[in-house]
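Note on naming: letters A, B, ... go to the chains in the order of the sequence lines (proteins, then strands), and numbering restarts at 1 for each one.
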Amino acid sequence: MIEVSYSPGDLERKWYAKWLENDLFKRKIAPDKIAYTVHMPPPNVTGILHMGHILNNTIQDVLIRRARQKNQSVFWVPGIDHAGISLQIKIEKELAKENKTRHDVGREAFLDLARKWREKHGNIILDQLKKLGVSCDWSALKYTLDPDYYRTVLAMFVEWYRRGYIYKGSRLVNWCPVSMTALSDEEVIMRQQNSILYYVQYEIVEKPGTFITVATTRPETIMGDVAVAVHPNDERYQEFIGLHCWRPVLCESIPIIADEAILKDFGTGVLKITPAHDMVDFEIGQRHGLAAIGVIDKNGKLNHLAGPEFAEMDRFEARKRVGEYLKENGFLLKEESYVNNVGFSERAGVPVEPMLSEQWFLRYPCVEEAKLAVQKGFIHFRPERWEKTYTHWLDNIKDWCISRQLWWGHRIPVWYRKGKDRNDPQNWHVSVDGPEDPENWEQDEDVLDTWFSSAIWPSATLGWPDEGTMAEMGFNYFYPTEDLVTGPDIIFFWVARMIMSGLSLLGDEEKRLSDDEIRRRIPFKNVYFTGIIRDHIGRKMSKSLGNSPDPLDLIEQYGADGVRMGLLSMAPNGQDILFSEDRVAQGKKLCTKLWNSFRFRQQGSMEGDRSSIEAIVTRIDGDSLETDDITILGKLLEIMDTFERTMADYEFSRALQILHTFFWSNYCDWYIEISKMRTGETIWAVHDLILRQLLLLFHPFIPFVTEELWQDHGYGTKFLNEEPLESSDELRQKLSQIDFGKAATLIEEIEHIRELVVAARALKAQFGLASRRDVKFYFKADSAANEVIERHRQDIKYLLLTQFFEETVEALQLPTTIVTLGSIHIDTADSLDIEAEKERLSHELKELDRLIEINQKKLQNEDFLAHAPQNIVGGARDLLAENMAKKKELEAVLLKLSSIQ
RNA sequence: GGGCGGGUAGCUCAGUUGGUUAGAGCAACUGGUUUACACCCAGUAGGUCGCAGGUUCGAGUCCUGUCCCGCCCACCA
């Protein structure tokens, strides 16, 4: 017997421990079964659990548990990411408290600190996930800096280097002056800024006293100007092209050139060219063979090339000072405020500095195949619209800067011969294990972008490229994986790169991959993009806003089951999610209701065998079955079908809605109430059938409470998730002794009874008699309807809480309501306010008239009759007839009322 | 500048290939402890489906235009 009240905390801890003890989540290579694999997006070691994790992992757990119910061999691979730049910043901050930099402690000591931090804090988020009930195979947990994973990442670098996709070059990259490293384009986020547009005059060398005016937001880079450019067709400046002008700061003569890239209608149409500090300028500089003068250092301060007046000055301070200098010396024509977009470092939150530096780059492999894989449906995105975003990115893809000037991460496996030119590949050694004579070499100081290491995640976690480990992990069995569940914000960072990596590396280099080969190499077949969780007014959840609830608090308060249920119910397909704690509370309510429905069940005899469907079915006596039993079972089979369909489309909240309505409205509010009138084993067996099925259907969403009820109720000896879930057809087979042939008409009959009960209750409520039990009802119906009512008379009386529900042959002078089966009168026992009643009925009559008019109009329309399909026309006719009949009844009652004065 | 998503009841959202009288939950209001459940039950009220055209016998659903809100991409200094 279960406890009186449902309290999730203890039972959730209990069952998670038991599941782990019994290796319920452990993968099994079972060739006779279909493999079903999912990779958990590895959270960062520095991460703290937020609502996004909860949603994401709940969805995965639902998919995984469903797969177990379908008797598939399941492998859910958990992991954790070393979070390169993020943890490095954290450790540096800790050092800063002691006034130290990483250079003070040295590389090895620094890495030790980071490792220790990870050991201490790195598993917190995984422990938090366990509270949610995630059923992943913890024995397969992979960390991106595990020794074998580390080697795999290096092997990936070496292989791509060997194939010619990785190269080293001096390019203008996004530089973060705070983290002191290069960043990829994806790590730069554009933000709107209120800037100042400075109009600066440059005097023409050949025409003293004549000026050309440049508009710039970055005066601090003027010292790096090597030219001034205009559009070749710009009439205003034709005479100046080919001449020179004086650079206003650090005075020097620089050429005036023409280039198509200049926009005539922006600012003055004149652009200052600073190749070392601007992407466009860099390209123009390349085209015109101009030098690049870098005046800003890696720490964001100006250097000696900016001249003694500005050297050592911070770039933003310098912007102000140069502005003042220009003003004081008469170069500044005017300044105006101006809103522009500036790239910021995602992690450090400061503007990035385009900086010329030596970096490693990846030319993406298999770009075309990656597009095809999705276009041809080998990989299916949900919602599908993300395909466009994905394809658009691939169409405009640029080489990826993969080197980072950090220490925490996978160190680039390139060695340079000591004392030789590092830029000459003759002096390079590229391998996983390094040169045999390490004393003559020094390794590249940089590490790889964290996202580079996670690009190979799906196959590396399954043992690739080591054949022994692959066999042990069951690579050929579990790869390609089935579903990936992730946020659309990392579609470029992670999803696209995993696809390209898999396509490129899981086989030899080929000019063009065949469709079969693409299918073999892709890392996953479906990508489900979740929505982003926002607060109740649509703002992104963030620490600084303090609008993000702590998931652990929620779990404490509502149980993991409640949180899972609540979150899924508020997560429509592919749209952002407005968080509402109210929904979480509702999630818990559902669990409580389920709990209480079992307490109702336990009031009945618990003698009968419940250990299987077959056992339950043998307890059913076909002759004792009533309309309500067949109806509820028929309804169950019906919703199982729609449930399956919506789940197959990954429409979780809709599927839940279907279950919820069946359980709450059909089962609890109707069937349980009706069955209170009944006795005998058959009715309890029907309850067992329904409850058993409900536990199975609900289990993937609320695993804990369903397990508790399953075990307590004796539905089986195994764990609930080891029990297969029948399809509705299989269940129908097992219930073959029940005649569902007439279920459709029975459902209609029950609908009519329900309509009658609802209407009669409403009548009772309208006259304020809801609390009274001695209210008398009369009904008037034709003979067919009378038979139906007679069959359900006891139920009706019970549901209306009345002892008196009798037939009358003529309309009575009592408050009345008209339903399909006939008219219902209520005896208010008080003297009737005839005028009020007439008004109430007239109001109802008006509504009926409106409905009648709609259908009459339709049926009088010849075009409608000619074009509309038969069932629609028939439906309109039936409806009209039904409403006409009701109207006739209503008018009869009204007439009766009018006859009494 | 380009692309995508959204605008349906006070709030959050369903509404499947156009087809019977546009739904649910929450909130509001009314009444109720009847032996599973007040984390409950019964009932009431609340909508010109952003706006304007069009196609159609029929439009929340399809087409065109338009206005808001949100996101992504993009080198106008």
- Message: Please give me the minimum heavy-atom distance between A:Phe579 and A:Glu581, naming the atom from each residue.
- Response: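 Nearest heavy atoms, A:Phe579 then A:Glu581: CE2-N, 3.6 Å.
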Name the closest nucleotide to the [X] side chain, picking from [options].
X        : options                : answer
A:Tyr338 : B:rU21, B:rC26, B:rA77 : B:rA77
A:Arg385 : B:rG19, B:rC4, B:rA42  : B:rC4
A:Arg599 : B:rA36, B:rU21, B:rG43 : B:rA36
A:Asp669 : B:rU21, B:rA42, B:rU44 : B:rA42
A:Gln657 : B:rA24, B:rC26, B:rG15 : B:rA24
A:Arg654 : B:rC40, B:rU16, B:rU35 : B:rU16
A:Lys676 : B:rA36, B:rG43, B:rG19 : B:rA36

Let's test this: given Watson-Crick or G-U wobble pairing with both distances under 3.5 Å, identify the partner of [N].
N      : answer
B:rG1  : B:rC73
B:rA24 : B:rU12
B:rU34 : none
B:rA45 : none
B:rC51 : B:rG65

Do the numbers put [X] on top of the ring of [Y], so that NZ or CZ is under 6.0 Å from the six-membered ring centre and no more than 45° off the axis?
X        : Y        : result
A:Lys797 : A:Phe805 : no
A:Arg497 : A:Trp400 : yes
A:Arg191 : A:Phe344 : yes

- Quick one: label A:Phe579 by what it contacts on the DNA or RNA (base, sugar-phosphate, nothing), any heavy atom closer than 4.0 Å. nothing
- Could you tell me whether A:Ile672 contacts a base, only the sugar-phosphate backbone, or nothing, with contacts defined as non-hydrogen atoms closer than 4.0 Å? base
- Side-chain donor/acceptor of A:Arg645 to base of B:rU16, under 3.5 Å: no
- Message: Once hydrogens and angles are ignored, does a donor-acceptor distance under 3.5 Å link the base of B:rC37 to the side chain of A:Lys593?
- Response: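 Donor-acceptor pair under 3.5 Å: yes.
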- Can you tell if the side chain of A:Phe331 reaches within under 4.5 Å of the side chain of A:Ile222, non-hydrogen atoms only? no
